[in-house]
Amino acid sequence: MGSLTTIQRLSEFAGQSVELQGWVYNTRSSGKIGFLMLRDGTGIVQSVISTDDVSGELFGTFETLTQESAVTVRGEVREDKRAPGGYELLVNGLDVHHVAQDYPIAPKEHGTAFLMDHRHLWLRSRRQHAIMLVRHEVIRACRDFLDNNDFVLVDTPIITPNAVEGTTTLFAIDYFGRSAYLTQSGQLYNEANAIALKKVYCFGPTFRAEKSKTRRHLTEFWMVEPEMAYCDLDGNIEWAEQLVAYIVSRVLETRMEQLDVLERDVSRLEVIGTPFPRVSYTEAVDMLQKAGIDFQWGGDFGGGDETILSENFEQPLIIHRFPAAIKAFYMKRDPDDERLALGVDILAPEGYGEIVGGGQREDDLDTLTTLIKQNDLPLEDYQWYLDLRRYGSVPHSGFGMGIERVVGWICGVPHLRETIPYPRTLTRLEP
RNA sequence: UCCGGCGUAGCUCAAUGGUAGAGCGGGUGGCUGUUAACCACUAGGUUGGGGGUUCGAGUCCCUCCGCCGGAGCCA
């Protein structure tokens, strides 16, 4: 009998007998010759069943197969131009483990609502399979980049006692009779961890109870958040752009096949490299006004504004030094202009929006105490956070990068819900 | 929360206010190289719910529900 292998390794077995374990993606038949598109989770291969080569009994078995039935197939691997992918399997053995009844997703176009209701099955499709592989590579690239640069993974809690920036966008939970929230960022803990371990990152799910109903929003999404002690805004920006560039190069290196399935224009990714263009918030406002947009200094950019700004560049666009009033209280003021905060956003090209947000943190005890009071936040809840400014305070910076937005940009998919296995949105909790 | 769009067979969609249809999927049969194969036959409907106008409503009006994506907010 042939070696047990997977479809992704099939080209190594040309001319040899192999055994594949998988599911029926589709079948076609001309009466005396049958084509079984076999899916095994690693790829899809055309398997040919000809009555010239196999018994009538085996052909009869083939004819009972339905979409997504579970089968083990044995046969000889052959290079053939007529086969999608260039290789096919000449079948001489077929075991049926389970015959699927009325698989809901037909080989045709479906609406997104229907597909999302069947997300647990939709993931088997070629396109979703490709997106999940790119997502895996993006996550692996994040970890490799940070690990190889001496960052330490230090997990931050998902259940938190207090609101970082108010409670309106937080999911409240009952914690044995006390109120608690699902985290919207690991950042405050990250700051403590950075003072303890120099360069750290956390990587986990994040929750936002925003009533956003757009293609760019999920209520549960994954974020990687590096934080560095002894690091200013410029150092922070360099880490962020290097991380983004590394992720793109890794996906291009390892997932060309999947980008091809997604029909992604990879030339838009191949040009990505550091340094990324940098503009200040004030310069960005000028750019918008010159483009004829009625935008006043001091406002925050909307989705449309971001698209207009990023369309001027083929690289991700770094925007830095925002009005302090529109940024979080913990952001350090610009010593050269007190109206500004040392924050940074990175906008992905092609209108995919903000993929990175971060900045240098306020490290002065008195200033931070004042800011907490000015924002009407409960000072007592922030005592541990203020301790970081009492004991060995140093300049430190960090940023968060949204995994789904990066995956969406790299894959070229218009909607974030396809970039996470089981999306949670304002109206979707199942499956 | 506001604005706009949509809701017809399992799915994707048709149907001037006048007999509710097609393709895919399912079933049956045919076909020896198919590429979401093809051909023939076949089963499958409370047109999202309720109310109204009309001789007559899938179609027009009101209302409720659900979904979609845009604003706000954000990664």
Side-chain angles (χ1 to χ4, degrees), chain A residues 25-37 44-54 59 63 66-68 78 80-86 88 90 100-118 121-122 125-127 165-166 168-170 184-187 205-225 240 244 299-307 326-328 344-348 352-358 399-409 414-417 419-420 425-428:
Chain A
Y25 196 73
N26 194 11
T27 60
R28 293 184 282 272
S29 171
S30 302
K32 297 290 192 293
I33 183 166
F35 298 93
L36 161 57
M37 300 302 290
I44 296 177
V45 69
Q46 171 167 286
S47 311
V48 185
I49 301 165
S50 168
T51 46
D52 281 351
D53 305 324
V54 301
F59 198 83
E63 289 186 309
T66 56
Q67 198 185 353
E68 289 301 323
R78 195 172 65 174
D80 193 307
K81 278 184 288 191
R82 291 169 297 187
E88 64 183 15
L90 271 178
Q101 299 291 322
D102 298 328
Y103 186 69
I105 302 178
K108 55 163 290 195
E109 300 211 355
H110 293 278
T112 47
F114 174 81
L115 290 169
M116 273 301 165
D117 285 342
H118 297 84
L121 304 176
W122 189 21
S125 77
R126 206 188 299 250
R127 180 181 164 82
E165 303 164 42
T168 52
T169 64
L170 290 172
Q184 60 179 349
S185 167
Q187 190 214 306
T206 307
F207 306 90
R208 303 275 167 92
E210 293 158 1
K211 303 224 167 166
S212 299
K213 300 167 68 167
T214 81
R215 67 182 77 187
R216 296 187 307 277
H217 290 88
L218 298 168
T219 53
E220 176 183 292
F221 64 96
W222 287 68
M223 190 155 67
V224 58
E225 294 178 88
V244 171
D300 211 350
F301 301 130
D305 303 322
E306 290 181 349
T307 301
I326 60 169
K327 288 291 174 184
V344 58
D345 285 354
I346 299 182
L347 305 183
Y352 279 92
E354 186 181 338
I355 51 173
V356 167
F399 61 92
M401 186 180 77
I403 293 300
E404 287 76 17
R405 287 196 178 166
V406 172
V407 173
W409 161 48
H415 203 303
L416 238 47
R417 68 188 157 204
T419 64
I420 185 168
T425 66
L426 191 56
T427 56
R428 181 164 296 280

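Values reported hereafter were calculated over all heavy atoms of this structure, with side chains retained and with hydrogens, waters and symmetry mates removed. Chain letters run A, B, ... following the sequence lines, proteins first, then strands; residues in each count from 1.
- At the heavy-atom level, A/His110 lies under 4.0 Å from the strands shown only through sugar-phosphate atoms.
- Backbone-only engagement by A/Thr427 is indicated by non-hydrogen atom pairs under 4.0 Å involving sugar-phosphate atoms exclusively.
- Atom name P, nucleotides B/G27 and B/C55: the rounded distance is 49 Å, in whole Å.
- A/Ser29 and A/Glu63 are not linked by any side-chain donor-acceptor pair at a separation below 3.5 angstrom, with hydrogens and angles left out of the test.
- Using a 4.0 Å heavy-atom distance criterion, A/Gly111 is classed as a sugar-phosphate-only contact.
- The side chain of A/His415 contributes an N or O atom lying less than 4.0 Å from OP1 or OP2 of B/G69.
- Among the protein residues, A/Phe221 comes within range of the nucleic acid bases, having at least one heavy atom under 4.0 Å from a base atom.
- Taking 3.5 Å as the limit, the base of B/C68 and the side chain of A/Arg417 contain no donor-acceptor pair of atoms between them.
- A donor N or O paired with an acceptor N or O is found under 3.5 Å between the base of B/G33 and the side-chain atoms of A/Glu88.
- One finds no side-chain N or O of A/Arg215 lying less than 4.0 angstrom from the OP1 or OP2 phosphate oxygen of B/A75.
- For the pair A/Gly304 and A/Asp102, both in contact range of RNA chain B, the more 5′-proximal nearest nucleotide belongs to A/Asp102.
- Counting any heavy atom pair closer than 4.0 Å across all strands shown, A/Pro104 reaches no nucleic acid atom.
- Comparing the C1' positions of B/A40 and B/C31 gives a spacing of 12 Å, expressed to the nearest Å.
- Backbone-only contact: A/Val356 has heavy atoms under 4.0 Å from sugar-phosphate atoms and none from a base.
- A donor-acceptor contact under 3.5 Å is not formed by the side chain of A/Ser50 with the base of B/G33.
- With both ends at atom C1', the span from B/G44 to B/A9 equals 6 Å, rounded to whole Å.
- Here the separation of B/U19 from B/G26, taken at their C1' atoms, is 27 Å to the nearest Å.
- Rounding to whole angstrom units, CZ of residue A/Phe114 and P of B/G10 are separated by 11 Å.
- Distance check, rounded to the nearest 0.5 Å: CG of A/Leu115 to CH2 of A/Trp122 gives 5.0 Å.
- Counting atom types as modelled, A/Thr169 pairs no side-chain N or O with a base atom of B/C73 as donor and acceptor under 3.5 Å.
- Contact check, A/Arg208 against B/C73: no side-chain N or O comes under 4.0 Å of OP1 or OP2.
- Atom name P, nucleotides B/U1 and B/G56: the rounded distance is 38 Å, in whole Å.
- No hydrogens or angles were tested; on distance alone, a donor-acceptor pair under 3.5 Å links the side chain of A/Arg78 to the base of B/G33.
- Taking atom C1' on both nucleotides, B/G7 is separated from B/G48 by 6 Å, rounded to a whole Å.
- Across all strands, A/Gln46 comes closer than 4.0 Å to base atoms (heavy-atom distances).
- Residue A/Leu218 is classed as a base contact, given a heavy-atom separation below 4.0 Å to a base.
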